[in-house]
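Read the structure below first, then the notes.
Just so it is clear, the model here is predicted, and its values are computed rather than measured. All chains are named by letter (A, B, ...) in the order of the sequence lines, taking the proteins before the strands, and each is independently numbered beginning at 1.
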There are 2 protein chains.
Amino acid sequence: MDEKTINANIGGNKLGSNDNYALILDTVRRFGPIGRADIAKFTNLSGPRVTPLVRDLIRAGFLKEDEFGASKGGRPPILLRLVPDALFAIGVDIGAAKLRAAVVDLEAKIVTKIVKATNASEGKKATLGRTMNTILEVIEKSKVKTDKIKGIGIGLSGIVDHREGVCLFWPNVEGWKNIPLKKIIGQELGIEAVIDDSARAMTLAESWCGLAKNVENFIFVNVGIGVGSGVFIHGELYRGSGGTAGELGHMTVDENGPRCNCGNFGCLETLVSGPAIARRTREALEQGVVSLIEELVEGDLNKITSEIVVAAAKRGDKLAFNIMEKTGEYLGIGVANAINLFNPDLVIIGAGVSKAGRLLLDPVKRVVKARALQVASEKVDVKISILGDDAGVLGAAILVLKNIFTAGVSYVGRKSIPF
Amino acid sequence: MDEKTINANIGGNKLGSNDNYALILDTVRRFGPIGRADIAKFTNLSGPRVTPLVRDLIRAGFLKEDEFGASKGGRPPILLRLVPDALFAIGVDIGAAKLRAAVVDLEAKIVTKIVKATNASEGKKATLGRTMNTILEVIEKSKVKTDKIKGIGIGLSGIVDHREGVCLFWPNVEGWKNIPLKKIIGQELGIEAVIDDSARAMTLAESWCGLAKNVENFIFVNVGIGVGSGVFIHGELYRGSGGTAGELGHMTVDENGPRCNCGNFGCLETLVSGPAIARRTREALEQGVVSLIEELVEGDLNKITSEIVVAAAKRGDKLAFNIMEKTGEYLGIGVANAINLFNPDLVIIGAGVSKAGRLLLDPVKRVVKARALQVASEKVDVKISILGDDAGVLGAAILVLKNIFTAGVSYVGRKSIPF
DNA sequence: CGAACTTTATTCAAAATGTTAAAGAAGTTA
DNA sequence: TAACTTCTTTAACATTTTGAATAAAGTTCG
């Protein structure tokens, strides 16, 4: 590939026809700063081949030489890094409450961020408009040139057809059915967009910047208003045949449990989600259990939220503690089942419940140890995410960025069938 | 690659350094008989490149030209096929009751088969010796030359370290702990061996010769003395990080259910396995339910087996029918949960319960429809295997054969890390 | 200190792998 | 029979990769 072609592709959609460009970039992203010799080891490319490929990538503006690394008894390596401002992506997280947008650089660092209320109750059209404006605002604020923005990634906690870029259904707001978000944004803003479920986007963020960096197989579960989740297999987000894989939230945990809005009974979501925690607390109080919570909501049981239960538990309230423990146990059953099926290295519990911390994590771990197969459970870690509220926007942006680091269709290992 | 190298590799372990040889062989295996033009389409290789690669493979004895295919309005394709007797593999299925061994050709057809009683009660040493002898016997009987036998694949329904080739634990027989089967067989017979869980081997058989041929993502569940299962993802057997992925049998289905010998309570296995069916039937009879089964076992409730329950159900016995229906419902919960997590194209119920047929399948399907997420369940098929008792040996042999059709470590898409 | 050794990076030629354009082969269609 | 398709191969050329040799820049140790 000649220099002209590469330079023409900066800011474009393609890195070049050679998949090894992407492979090298991905190696630098994951293990950088890193020298050429190590790149050769990681990628299985020969040493001499790395030199010209890296030279191309430096000329193209994606890589730069940095300081020298430590010698291992010989010539020290010249460390290579990504050039953070080579390209950018926009990440948007449309949550039930908050609308977040961020400009994210090639190193997956947030450059500029805006957080607003979603005001979803204003209706579909208003929310869409608000989203567009926020995107424009964050681009403006970041001072990044439009031609360096590779795309817009959007995560929302609904059912999404990722391939077509359509939001099939967003439970939180009326009117969000079959909305071709990708097309709308492409037309309005002239930038390509990618849509996905926000939990899946967060899973991606964990694998790039979180506890799961360089972990081959892991599971991510986020407990919030619903239970979102994502599954990472062989270093990639697993979507399944129809694009809906990894739905931990709708696993049947109690055959005779409460009805879920998916139609099933006793889904994990009906037992551990924020509203489920509130409901279970309310039921206990209605049966006459004494608790600090009554004070906290001034007697109005409809005011109970999971946050209040967590706060009460931390202040030593017995009922609240029990509710959270039982919540953890339910979640533990779901996680243990998933561990038996996926045998991952790691399970990450998302930031939605990070305030609960060990209150939730301890019973989860206990149940996993008791219920998952020993060979699988003794090697798995269960941890709480460290990405905080940024996971959503980061992941959404990574939906875009990851294409830069992913080889195109290659001869070897091709799996899909052309007819 | 020159002719000499290729020919030197017939019967050896490597096809050559070019991954596209394996890619083409795999394409012919999956879609053959097939012409060169279609091979080009499937593999994404260019037409002219296919010609010399196929020529090499023909010279090497792996492929042959066959009849002409139907014209699509132009020159008809020269169809290519695998040469069945280019190479062979031995498949061995060490079951609790039966010991099976077969010589299987490159097309995964059984050439010669031997079935014996396992006589596991005679102890580890005897069983091992019996296995060795049976392998030698089946090779002898098949008249296949030893140098054409690429390896021995062994499936057993225990816990297996596939990578090391060690049987960690076989619940059915005492003394089977930490047995380095791969090493033992390699030393005794001088042929390389591969060991795996028999349900995983069966999963492989389904993907090559069964209902799951050319299906990207599917789940296999075999209900027998235990519940074995395997998961196929992106066209490959998924093993997870520790090699124990896909354990559907130990999913918690009833939080307060019976104790399982894995230590957990209410595993799927404790509710739907053959012994579980017998136990549940016995419990019902002990509580005074009237049933044909009592006659069938001549009043001795310890004689109840799942086969008898199925037989009674087929003769219209109400209790037996209800037991089988409830069994199907439990299995359905497990399958529905797995569908939500994996979003497969297909679920195959193994031959172990094929005699029960729709007695089991109907409730499974009903529960899947009710409990799995609609987007996932409306596209999934649930079927009973058509491979019968051969699934085990076939799959075991395919553990060996599949290496012929799998590209080696390639630059592009390399995932593992060399340090 | 300096010679010997390591490790990293590059150069260059040869080998292999792959592509495109064009032509030949063998049918169908009208 | 002529025109058109589709399949396969040829030939010229471009790309990708490797291997051997070399240079660069340290560490190690007598």
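- Scored by the side chain to side chain donor-acceptor pair (under 3.5 Å) test, B:Glu65 finds B:Arg36 as partners (sequence neighbours excluded).
- A:Ile39 has its CD1 atom 16 Å from the C1' atom of C:dT7, to the nearest Å.
- When the C1' atom of D:dC7 is taken as reference, atom CD of B:Glu65 falls 12 Å away, rounded to whole Å.
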Under the side chain to side chain donor-acceptor pair (under 3.5 Å) criterion, do A:Asp345 and B:Ser241 qualify, and how do the steps go? CA-CA 6 Å; A:Asp345 301 291; B:Ser241 296; 2.7 Å; yes
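- Note on A:Thr51: every side-chain N or O is 4.0 Å or more away from OP1 and OP2 of C:dA9.
- Put simply, CG on B:Leu53 is 11 Å from C1' on C:dA16, counting in whole angstrom units.
- In this structure, A:Asp56 places its CG atom 12 Å from P of D:dT17, rounding to the nearest Å.
- B:Phe88 and B:Leu401 make their closest contact through C-CD2, 4.4 Å (heavy atoms, listed as atom of the first residue, atom of the second, distance).
- Whole-Å rounding puts the B:Asn44 CG to C:dT17 P distance at 19 Å.
- Per the geometry, CG belonging to B:Leu63 stands 16 Å off C1' belonging to D:dT8, to the nearest Å.
- Proximity of B:Asn20 to the phosphate of C:dG18: a side-chain N or O atom is located under 4.0 Å from OP1 or OP2.
- Under 4.0 angstrom from either OP1 or OP2 of C:dT11 there lies at least one side-chain N or O belonging to A:Arg55.
- A salt bridge links B:Glu192 to B:Lys182: one of the charged nitrogens lies within less than 4.0 Å of a carboxylate oxygen.
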Give the C-alpha distance, both sets of side-chain angles, the deciding distance and a yes or no for salt bridge (charged side-chain N to carboxylate O under 4.0 Å, His left out) between B:Arg200 and B:Asp196. CA-CA 7 Å; B:Arg200 259 200 283 268; B:Asp196 212 334; 3.1 Å; yes
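- Between the CD1 atom of B:Ile78 and the C1' atom of D:dT6 there is a distance of 12 Å, rounded to whole Å.
- For A:Asp66, the side chain to side chain donor-acceptor pair (under 3.5 Å) partners are A:Arg81, not counting sequence neighbours.
- Comparing atom distances between the B:Ala37 side chain and each of D:dC7, D:dT17, C:dA9 picks out D:dC7 as nearest.
- Judged by distance alone, with hydrogens and angles left aside, the side-chain atoms of B:His234 form no donor-acceptor pair with the main-chain N or O of B:Glu216 at under 3.5 Å.
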Letter by letter from the 5' end, nucleotides 22-30 of chain C scores (B base, S sugar-phosphate only, - none; protein heavy atoms under 4.0 Å) --BBBBS--
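- B:Ile24 places its CD1 atom 12 Å from the P atom of D:dT8, with the value rounded to the nearest Å.
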